[in-house]
Amino acid sequence: MHDPLESIKPQVRGLRRYSLRYETVRVKLNQNENPWDIPIEIRNETLRRLQHRAWSRYPEFEPSTLIERLSEFNGWAADGILVGNGSNELIQALLMVTVGEGKRVLINEPTFSLYRQITTVLGGEIISVPLSSQLAYDMKAIKAATELQKPDVTIICSPNNPTGCTILQTDLAEILEISRGLVAVDEAYFEFAGETALELLKQHQNLVVLRTFSKALGMAALRVGYLLTSPALAREISKALLPYNLNLFSRTAAEVALEMYEARLKTLVQIILGERERLCEELGRIPGLEPVRSQANFMIVRSAVEPRR
């Protein structure tokens, strides 16, 4: 009898499913979430707008109102913006339209493990460039790998998960210049860093910027992400998105969050930044601990102490 699992790609069968055990604890740090829930004003306004919408009808095919808000918020053309069910869906869509047998994706490790997983499922090859011993981007190694192996896609997480390091915009511009393929910058934590690759979009047609509402905007439960790129690239990437990929509730909440960002959310980001620096200083005073400076809402701590202790 034929084993149905033989129909599955060998490289897929060799993978572990991406998963995370849910913990109900008083202090939860393992998903880099915002410590505050979304402000009540944003919740109430979202519910008010939804109250008279028919739930039996599909929403408009393109979430045009949300895309207009994102265009205003980012100063980028609406036809160069895509929204998704979390930025993870948009990472997947980008890789689906670029990666197949013989295609190469360059990543810097350690980093977000989903880049490697999706590339492997699609039959692509990973080019892994380690971070430096200081857990920073190693530009010499990135340039050498780019010039020698000519990746079809390069993914840079900045600030990087899990190290919190960022890439200099001058270095990113250099990578964009020498790369023959696309360069995607995952900016899931950019609000905590105060810098963005957004300005480089105007000069580089091969740049894709990915963002999320899950971290700084405190909407992880609603799964909203967005992508910024050239209109031509956006049209091609959109072909890998399922119709109505973002539900009505999430898109409405995202619209309200953008409208109230300055008044209700930006201050919370500033508090997190202050706490990050305070915590880094305090951890540095504990014998055996060496916190690594971070530009995100988390940090790595080197330790001579056994982890459980």
Side-chain angles (χ1 to χ4, degrees), residues 11 15 18 32 80 82 84 86-100 102-132 135-169 171-190 193 195-198 200-201 204-212 214-215 225-230 233-234 236-237 240-241 295-296:
Q11 63 266 37
L15 286 174
Y18 181 86
N32 306 334
L82 298 176
S87 57
N88 291 349
E89 183 192 23
L90 297 167
I91 293 166
Q92 177 177 269
L94 169 65
L95 293 174
M96 283 177 70
V97 301
T98 53
V99 175
K103 298 291 185 178
R104 296 175 171 178
V105 177
L106 187 152
I107 60 175
N108 298 266
E109 291 184 305
T111 193
F112 187 33
S113 62
L114 210 56
Y115 310 145
R116 175 181 281 276
Q117 177 143 351
I118 296 171
T119 298
T120 303
V121 167
L122 294 171
E125 176 189 342
I126 284 287
I127 304 167
S128 178
V129 178
L131 296 177
S132 71
L135 297 180
Y137 283 104
D138 186 338
M139 268 303 292
K140 185 177 179 180
I142 294 171
K143 285 173 61 179
T146 300
E147 291 170 339
L148 179 65
Q149 303 204 53
K150 298 178 173 52
D152 299 279
V153 182
T154 297
I155 305 178
I156 296 170
C157 189
S158 183
N160 185 46
N161 175 7
T163 60
C165 64
T166 56
I167 191 163
L168 294 174
Q169 298 307 293
D171 288 342
L172 179 58
E174 193 171 353
I175 294 168
L176 286 158
E177 290 288 348
I178 66 173
S179 179
R180 74 168 194 180
L182 302 185
V183 178
V185 182
D186 187 344
E187 291 193 341
Y189 303 94
F190 89 96
E195 59 181 350
T196 171
L198 189 61
L200 294 173
L201 280 171
H204 300 280
Q205 296 293 302
N206 59 333
L207 175 61
V208 178
V209 177
L210 296 142
R211 292 180 174 176
T212 183
S214 296
K215 308 302 182 181
Y226 64 101
L227 175 156
L228 306 155
T229 191
S230 68
L233 268 180
E236 297 307 316
I237 297 168
L241 296 175
Q295 295 299 307

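- A distance-only check finds a donor-acceptor pair linking the side chain of Asn160 to the backbone of Pro110 [under 3.5 Å].
- Nearest heavy-atom pair, Pro151 versus Ala145, reported as atom, atom and distance to 0.1 Å: CD-O, 4.1 Å.
- Here the CD1 atom belonging to Ile118 is positioned 9.5 Å from the CE atom belonging to Met96, to the nearest 0.5 angstrom.
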Note to self: Between Thr119 and Ile107, is the side chain to side chain contact (heavy atoms under 4.5 Å, CB included) condition met? List the steps.
What the structure shows: CA-CA 11 Å; Thr119 298; Ile107 60 175; over 6 Å; no
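- Across all non-hydrogen atoms, the minimal contact from Ser158 to Ile167 is OG-N, 3.1 Å.
- When every heavy atom of Phe190 is checked against every heavy atom of Thr196, the shortest pair comes out as CD1-CB, 4.1 Å.
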Check: Under the side chain to side chain donor-acceptor pair (under 3.5 Å) criterion, do Tyr189 and Asn32 qualify, and how do the steps go?
Finding: CA-CA 9 Å; Tyr189 303 94; Asn32 306 334; 3.0 Å; yes
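- Nearest heavy atom pair, residue Gln149 against residue Arg104, reads O-NH1, 2.9 Å.
- Atoms CG and CD, on Leu82 and Glu236 in that order, are 11.0 Å from each other to the nearest 0.5 Å.
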Next item on the list: Show the numbers, then the answer: is there a side chain to side chain contact (heavy atoms under 4.5 Å, CB included) between Asn108 and Tyr137?
Entry: CA-CA 8 Å; Asn108 298 266; Tyr137 283 104; 3.7 Å; yes
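- With values rounded to the nearest 0.5 angstrom, Leu227 atom CG is found 12.5 Å from Thr212 atom OG1.
- Between Ser87 and Glu187, every side-chain heavy-atom pair lies at or beyond the 4.5 Å cut-off.
- Atoms CG and CD1, from Leu95 and Ile237 in turn, are 9.5 Å apart once rounded to the nearest 0.5 Å.
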Note to self: Determine whether Glu195 and Leu168 satisfy the following criterion, side chain to side chain contact (heavy atoms under 4.5 Å, CB included), listing intermediate values before the conclusion.
What the structure shows: CA-CA 9 Å; Glu195 59 181 350; Leu168 294 174; 5.5 Å; no
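- Rounding to the nearest 0.5 Å gives a distance of 3.5 Å between OH of Tyr115 and CG of Asp186.
- Between Ile91 and Leu114 the shortest side-chain heavy-atom distance does not fall below 4.5 Å.
- Between His204 and Ala173, the closest heavy-atom pair is CE1-O, 4.1 Å.
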Next item on the list: For Leu131 and Thr111, run side chain to side chain contact (heavy atoms under 4.5 Å, CB included): C-alpha distance rounded to whole Å, both residues' side-chain angles, the deciding distance at 0.1 Å, then the answer.
Entry: CA-CA 9 Å; Leu131 296 177; Thr111 193; over 6 Å; no
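- Using a 4.5 Å heavy-atom cutoff, the side chains of Leu228 and Arg211 are in contact.
- Among the candidates Val185, Leu106, Leu172, the single residue satisfying the side-chain contact (heavy atoms from CB on, under 4.5 Å) test with Thr154 is Leu106.
- The two residues Ala197 and Gln169 make their nearest non-hydrogen contact at CA-OE1, 3.2 Å.
- Not a single donor-acceptor pair under 3.5 Å links the side chain of Thr229 to the backbone N or O of Gly80.
- Taken to the nearest 0.5 Å, the CG atom of Asp171 stands 14.0 Å off from the NZ atom of Lys140.
- With hydrogens and angles ignored, the 3.5 Å screen pairs no side-chain donor or acceptor of Asp152 with any backbone N or O of Val99.
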